[in-house]
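Below: one structure, written as structure tokens.
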Amino acid sequence: GGGGGGGDGPAAMLFSGREAVQAYVGSLPPFLAADASSLLVASRAGWMSAQQMGMELLSKARDAGAATLIPSSLQGVRTASDGKVEAALLSVPGESEPLEVRT
């Protein structure tokens with residue numbers, strides 16, 4: 001069925017090696033790095049409602065004391081040498097430099 005529920009196929013597939021990644025995706029989509037050497041595809045992960053997720057995140061932000069929300073776009077992610085996310089870089093309207101939000 002749709003949304004990843006049920007089905008007879010595997011719940012996830014791992015493609016290891018650039019050739020395997022390329023063979024699976026064909027031409028690389030813009031969100032996939034040109035030098036991607038592995039790819040994990042979750043085919044039975046269930047449904048996600050962006051509207052519900054947005055409302056939940058907004059509620060949690062308000063519960064945590066957020067009084068003002070600033071519209072922004074994710075510009076990049078800064079990672080440590082071990083691959084862990086250190087900060088998100090946000091593009092904020094009216095600002096020339098990205099806003100860095102540390103984790």
Exercise for the section: With rounding to the nearest 0.5 Å, note down the distance linking CD in E97 to CD in Q75. Expected result: 9.0 Å

Exercise for the section: Give the minimum heavy-atom separation between F15 and V21, together with the two atoms involved. Expected result: O-CG2, 3.9 Å

Problem - Shortest non-hydrogen contact between T103 and V85, atoms and distance - result: OG1-O, 3.0 Å

Handout entry: Hydrophobic cluster identity match, V77 and V92, side-chain contacts under 4.5 Å
Key = yes

Handout entry: Separation between OG of S37 and CD of Q22, rounded to the nearest 0.5 Å
Key = 13.0 Å

Practice task
Could you tell me the separation between the OG atom of S49 and the CE atom of M55, rounded to the nearest 0.5 Å?
Solution key: 10.5 Å

Problem - Expected output: side-chain S72 to main-chain L90 donor-acceptor under 3.5 Å - result: no

Exercise for the section: Spell out, yes or no, whether L89 and L99 are grouped together once hydrophobic residues are joined by side-chain heavy atoms under 4.5 Å, including indirect joins. Expected result: no

Exercise for the section: Report, as yes or no, whether the 6.0 Å neighbourhood of atom CD1 on I70 holds more than 12 heavy atoms from other residues, nucleotides or ligands. Expected result: no

Exercise for the section: Check P71 against P93 and note the closest heavy-atom contact, atom names and distance. Expected result: O-CD, 3.2 Å

Exercise for the section: Taking atom CE of M13 as the centre, report whether more than 12 heavy atoms of other residues, nucleotides or ligands fall under 6.0 Å from it. Expected result: yes

Handout entry: salt_bridge(K84, E86) N-O dist < 4.0 Å
Key = no

